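Right, one structure below, let's go through it.
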Amino acid sequence: MARIRTWAVFALTGALSLSLGACSSTGGKRAEDARKAAAAQGRAAVNTPRWTFAMITHSGDGDTFWDIVQNGARQAAVKDNINFLYSHDDQAQQQAQLVDAAVDKKVDGIIVTLAKPDAMKAAVARAEKAGIPVITVNSGSEESKAFGALAHIGQDESVAGEAVGDELNARGRKKALCVLHEQGNVGHEQRCDGVAKTFHGALQKLYVNGTNMPDVQSAIEAKLQADTSIDSVVTLGAPYADTAVKAKGDAGSKAEIDTFDLNAQVAAELKNGTLGFAVDQQPYLQGYEAVDLLWAYKYNGDVLGGGRPVLTGPQIITKDQASALAAYTERGTR
């Protein structure tokens, strides 16, 4: 697909009406200030109609991963003259209701995550019945095509988990703890199961309440105190990596802390050796490509992937690569 010249800007365009509700409360002041500063410079690179696209994710409050997804989506929205709406809820039924609200609003395209696909199937079907094109992003690659979505953009979670298992083997690890912070999320299960598939050592799963960081820390600490043979802790999201580091310190453990996903803090801790490695699925690219592909479909009938997922990861990031990524993580795009 021919690419139209992009403008390196962010934009904070529009907000959901009350019918969509629950706008994202994620993100720190740094990322928000950067978006606002760039918004004044944003202008479209195309003269296509000002379509409205809604993105509805399973994000919980305070998960900075989704700030990076939004940064990519908003930049593409500026370039493509799109009115971009974002909402989220970590409860599947509420997320489905947000999709229904977007359908009622008669948006021109929907981007949705399928962390809990069974709960989202009817809402996605309703969007398609209304003639609204749907792209799935981040989670739900196995269900996306069956649900009738145009494409799925993200990493294959099983493949990503297998890459982690290989990396643990290369580091000589013997016993790993995989920390799942959202029960019922099929992608999280696939990650841990992927690790178990290739890891030569023993793997245990630890389920925690990801919306309560003190509980996450105490649960990991208790596990490390009870089993001193654990030599690696794998968290499934960047915000949980530092919590695991604190739990390790309080437990007096020597386990290496590794994580899925990347942000500025993870990059800094990779650089100083606090973390062993991270798995980057490039969330900025997920948001950017989702908006851009919906625009290409509306404008030119283009569909990318031929029914197969468009992969954005995994990429193993270690101390050696962390410095080169620092500028990107600081601006909220990696």
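Predicted model, so just to flag it, every value in this text is computed and none were measured.
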When you measure from the side chain of [X] to the backbone N and O of [Y], does any donor-acceptor pair fall under 3.5 Å?
X: D231; Y: K174; value: yes
X: D80; Y: I82; value: no
X: T113; Y: H58; value: yes
X: E189; Y: V186; value: no
X: N209; Y: T211; value: yes
X: D108; Y: T52; value: yes
X: H88; Y: S59; value: yes
X: D258; Y: A278; value: no

N/O donor to acceptor pairs below 3.5 angstrom from side-chain atoms of residues 305-316, sequence neighbours left out:
from : atom 1 : to   : atom 2 : distance (Å)
T312 : OG1    : Q281 : O      : 2.6
T312 : OG1    : Q286 : NE2    : 3.2
Q315 : OE1    : R334 : NH2    : 3.3

So, taking the atom named [atom1] in [X] and the one named [atom2] in [Y], what distance separates them when rounded to the nearest 0.5 Å?
X: T243; Y: N212; atom1: OG1; atom2: CG; value: 10.5 Å
X: L270; Y: Q265; atom1: CG; atom2: CD; value: 11.0 Å
X: F65; Y: D261; atom1: CZ; atom2: CG; value: 5.0 Å
X: K205; Y: L236; atom1: NZ; atom2: CG; value: 10.0 Å
X: I135; Y: L293; atom1: CD1; atom2: CG; value: 5.0 Å
X: N263; Y: E269; atom1: CG; atom2: CD; value: 8.5 Å

For [X] and [Y], does a side-chain donor sit closer than 3.5 Å to a side-chain acceptor?
X: K116; Y: Q95; result: no
X: Q217; Y: D250; result: yes
X: S218; Y: E221; result: no

Closest approach of [X] to [Y] (non-hydrogen atoms, all atoms of both residues):
X: D156; Y: V159; result: OD1-N, 3.0 Å
X: N81; Y: A44; result: CB-CB, 3.7 Å
X: W295; Y: F53; result: N-CE1, 3.6 Å

How would you list all residue pairs meeting ring pair (Phe, Tyr, Trp, His ring centres under 6.0 Å) that involve residues 241-267, not counting sequence neighbours? none
List the atom pairs, with distances to 0.1 Å, where a side-chain N or O of residues 140-154 and a protein N or O form a donor-acceptor pair under 3.5 Å, not counting sequence neighbours.
from : atom 1 : to   : atom 2 : distance (Å)
S144 : OG     : T136 : OG1    : 2.7
H152 : ND1    : T136 : OG1    : 2.8

Answer yes when D242 and K248 have at least one side-chain N-carboxylate O distance shorter than 4.0 Å, and no when they do not. no
Filter on disulfide (SG to SG under 2.5 Å), then keep only pairs touching residues 255-318, sequence neighbours left out; what's left? none
Residues which pass side chain to side chain contact (heavy atoms under 4.5 Å, CB included) with R126, listed by chain and number, not counting sequence neighbours: D100, V103, D104
Side-chain atoms of residues 175-184: list all donor-acceptor pairs with protein atoms under 3.5 Å, sequence neighbours left out, distances to 0.1 Å.
from : atom 1 : to   : atom 2 : distance (Å)
K175 : NZ     : D227 : OD2    : 2.6
K175 : NZ     : S229 : OG     : 3.4
E182 : OE1    : N185 : ND2    : 3.4

